[in-house]
Number of protein chains: 2
Amino acid sequence: MSDAVDVIVGQWAAQRPDLTDELWPIEVLARIQRMNRIIEKQLKAFVAERDLEVGELDILTTLRRSGPPYTLTAGALIPAAMVTSGAITNRIDRMEAKGLVERVRDGQDRRSVRVRLTDQGREVAEKVMAEHLQHFASLLAPLDRDTCDTVASALRTLLKSHGDTSIG
Amino acid sequence: MSDAVDVIVGQWAAQRPDLTDELWPIEVLARIQRMNRIIEKQLKAFVAERDLEVGELDILTTLRRSGPPYTLTAGALIPAAMVTSGAITNRIDRMEAKGLVERVRDGQDRRSVRVRLTDQGREVAEKVMAEHLQHFASLLAPLDRDTCDTVASALRTLLKSHGDTSIG
DNA sequence: GTTAACAATCTCAACGTTGAAATAAAATCA
DNA sequence: TGATTTTATTTCAACGTTGAGATTGTTAAC
């Protein structure tokens, strides 16, 4: 059976037979793009039920998994989230208003802003992360673990080749 | 060697050992998300060199691969692009201003808008698509064809399970 | 043939991100 | 010390998308 990308590739093969041998990258990359849209849509619904935004969940989990004292500089959050500095400032603003994080000026380097999970923020993070993992698992239901491992490994190779090797 | 997602998973395993067995979905889904950001960034640079937007390339290629007369209704473009109707309207507006497409009112159903590639639009599509495929291939350089096929197959299964089986 | 239900597109305000410029602090060097 | 460069964050206008509602046209029911 075919998915939407099979249809796309089939149309190209019919329209431009000369390109048939060069369509294979679409099979991978277009599927990553389409799957990403599905993930984002699912994630949006998931966080909406918990009064969060997708970007806020991102900050929440990044701070939680960094371990005590659940504090990172704004700058460290940029590569972790793969967004620009302006987006991080906005997210912290919103989360600070919600009481999930607080800004702490660094005594050593007053240019830096240390973003710290509040007690409430940590509570939310603990609860949401467990649910988030179950939700994520359900999205992968049709694949067995071996297949997931194979895909993960290939994507790791790809990400490394594009320099996505560190988050700080 | 490890990528950014390995670091993330490692942090979680250290912080929440009780969740260790449930982290595997991250290995796949976080990598899809991060790879998607890289694809989008690459694509943005690619189209910028050609005076296009990513969404415009999407419309351009969708119309081209639909075959003569290179015409689809606005509604048909929605599932193809996986965006909302408002986004399609905006894209068509911009592309019409650039002379890449034209709106043709359907004589049969005057609610419908048929979006047609202009001659210029088709010329751009032909040229850009070949370059686009080469660019896409270069993004997958570190993977061999068998691996690509395996990943594509797994993602196809995933997409089908989420109902992404048709584009119109 | 009129009314109601449905369908396709457009409108528009709200939203989050980008990217460049501004601000402010620290580090480097003369 | 003072001047310059570098670093960290914030600001802000522009941009594209979303999602709800408005608009316009079609189909179905009576």
Side-chain angles (χ1 to χ4, degrees), chain A residues 33-34 36-45 47-48 51-60 71-98 100-116 168, chain B residues 33-34 36-45 47-48 51-60 71-98 100-116 168:
Chain A
Q33 292 183 290
R34 293 185 83 89
N36 183 72
R37 285 207 196 261
I38 291 169
I39 296 169
E40 285 296 318
K41 193 153 195 168
Q42 288 278 341
L43 218 37
K44 197 163 188 170
V47 298
D51 283 310
L52 290 171
E53 301 288 332
V54 175
E56 295 174 16
L57 176 64
D58 192 20
I59 302 296
L60 212 54
T71 303
L72 290 172
T73 63
L77 291 169
I78 292 174
M82 294 183 101
V83 294
T84 59
S85 62
I88 294 295
T89 297
N90 286 342
R91 291 179 183 184
I92 298 171
D93 283 349
R94 275 180 273 137
M95 295 178 75
E96 202 169 27
K98 287 185 184 179
L100 297 172
V101 303
E102 57 187 353
R103 281 184 168 91
V104 183
R105 283 284 159 186
D106 191 319
Q108 298 299 313
D109 185 341
R110 290 223 310 272
R111 291 171 304 183
S112 284
V113 170
R114 280 136 75 81
V115 182
R116 182 168 59 197
Chain B
Q33 291 183 290
R34 294 185 81 90
N36 183 73
R37 285 205 195 263
I38 290 169
I39 295 169
E40 285 297 317
K41 192 153 195 166
Q42 288 279 341
L43 218 37
K44 197 164 188 170
V47 297
D51 284 310
L52 291 170
E53 301 289 333
V54 175
E56 296 174 15
L57 175 65
D58 192 20
I59 302 295
L60 212 54
T71 303
L72 291 172
T73 62
L77 291 169
I78 292 175
M82 293 184 103
V83 294
T84 59
S85 62
I88 294 296
T89 297
N90 285 342
R91 290 180 185 183
I92 298 171
D93 283 350
R94 274 180 273 134
M95 294 178 75
E96 202 170 27
K98 287 184 183 178
L100 297 171
V101 302
E102 58 188 353
R103 280 183 169 91
V104 184
R105 284 285 160 187
D106 189 320
Q108 299 301 313
D109 184 341
R110 290 223 308 275
R111 292 169 303 182
S112 283
V113 172
R114 280 136 75 83
V115 183
R116 182 167 58 197

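In what follows, chains are A, B, ... by sequence order, proteins preceding strands, each numbered from 1.
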Check salt bridge (Lys or Arg N to Asp or Glu O under 4.0 Å) between B/Lys98 and all other residues, then give those that pass, not counting sequence neighbours. B/Glu56
Name all pairs fulfilling the salt bridge (Lys or Arg N to Asp or Glu O under 4.0 Å) condition that reach into residues 80-93 of chain A, sequence neighbours left out, sorted by first residue then second. A/Asp58-A/Arg91, A/Asp93-A/Arg103
Between atom CD1 in A/Ile78 and atom C1' in D/dA8, what is the gap in whole Å? 8 Å
With a non-hydrogen cut-off below 4.0 angstrom, is B/Ser112 in contact with a base, only sugar-phosphate, or nothing? sugar-phosphate
Any protein N or O atoms within reach of nucleotides 20-23 of chain D? Criterion: under 3.5 Å, listing atom names and distances.
none

Given side chains that start at C-beta, do those of B/Val115 and B/Ile88 come closer than 4.5 Å, heavy atoms only? no
For B/Arg94, answer base if it contacts any base atom (sugar-phosphate contacts may also be present), sugar-phosphate if it contacts only those atoms, and nothing otherwise; contact means non-hydrogen atoms under 4.0 Å. sugar-phosphate
Taking for each residue the nucleotide of DNA chain D with the nearest heavy atom, is it A/Thr89 or B/Met82 whose nucleotide lies nearer the 5' end? A/Thr89
Run the numbers on B/Val113 and B/Ile92 for side-chain contact (heavy atoms from CB on, under 4.5 Å), then give the verdict. CA-CA 10 Å; B/Val113 172; B/Ile92 298 171; 5.7 Å; no
Find which nucleotide of DNA chain D each of A/Thr73 and B/Arg91 is nearest to by heavy atoms, and output the residue with the more 5' nucleotide. A/Thr73
Take atom CG of A/Asp93 and atom C1' of D/dC12, then tell me their distance rounded to the nearest Å. 13 Å
Answer yes or no: is there a side-chain heavy-atom contact under 4.5 Å between B/Leu52 and B/Leu60? yes
Identify, with sequence neighbours excluded, every residue that meets side-chain hydrogen bond (donor to acceptor under 3.5 Å, both in side chains) alongside A/Asn90. none
A/Val83/B/Arg37 under side-chain contact (heavy atoms from CB on, under 4.5 Å): CA gap, chis, key distance, verdict: CA-CA 9 Å; A/Val83 294; B/Arg37 285 205 195 263; 3.9 Å; yes
Going 5' to 3' along DNA chain C, which nucleotides are the first and last within contact of chain A (any atom under 4.0 Å from a heavy atom)? C/dG16 to C/dA26
Set of side-chain hydrogen bond (donor to acceptor under 3.5 Å, both in side chains) partners for B/Arg116, sequence neighbours left out: B/Glu102
Within the structure shown, what part of the strands sits under 4.0 Å from B/Asp109 by heavy-atom distance: base, sugar-phosphate, or nothing? sugar-phosphate
If you assign each of A/Glu56 and A/Arg110 to its closest nucleotide in DNA chain C, which residue comes earlier from the 5' end? A/Glu56
Numerically ordered, the residues 101-108 of chain A set in heavy-atom contact under 4.0 Å with DNA chain D is A/Arg103
For B/Gln33 and A/Leu43: C-alpha separation, side-chain torsions, deciding distance, then whether side-chain contact (heavy atoms from CB on, under 4.5 Å) applies. CA-CA 11 Å; B/Gln33 291 183 290; A/Leu43 218 37; 3.6 Å; yes
Base, sugar-phosphate, or nothing: which does A/Ala74 touch, judged by heavy atoms less than 4.0 Å apart? sugar-phosphate
Using salt bridge (Lys or Arg N to Asp or Glu O under 4.0 Å) as the criterion, list what pairs up with A/Arg110, not counting sequence neighbours. none
Tell whether B/Arg111 reaches the base of D/dT24 with its side chain through a donor-acceptor pair below 3.5 angstrom. no
In Å and rounded to the nearest 0.5 Å, what is the CD1 to CG distance from A/Ile59 to A/Leu77? 4.5 Å
Atom NZ of A/Lys41 to atom C1' of D/dT18: distance rounded to whole Å? 10 Å
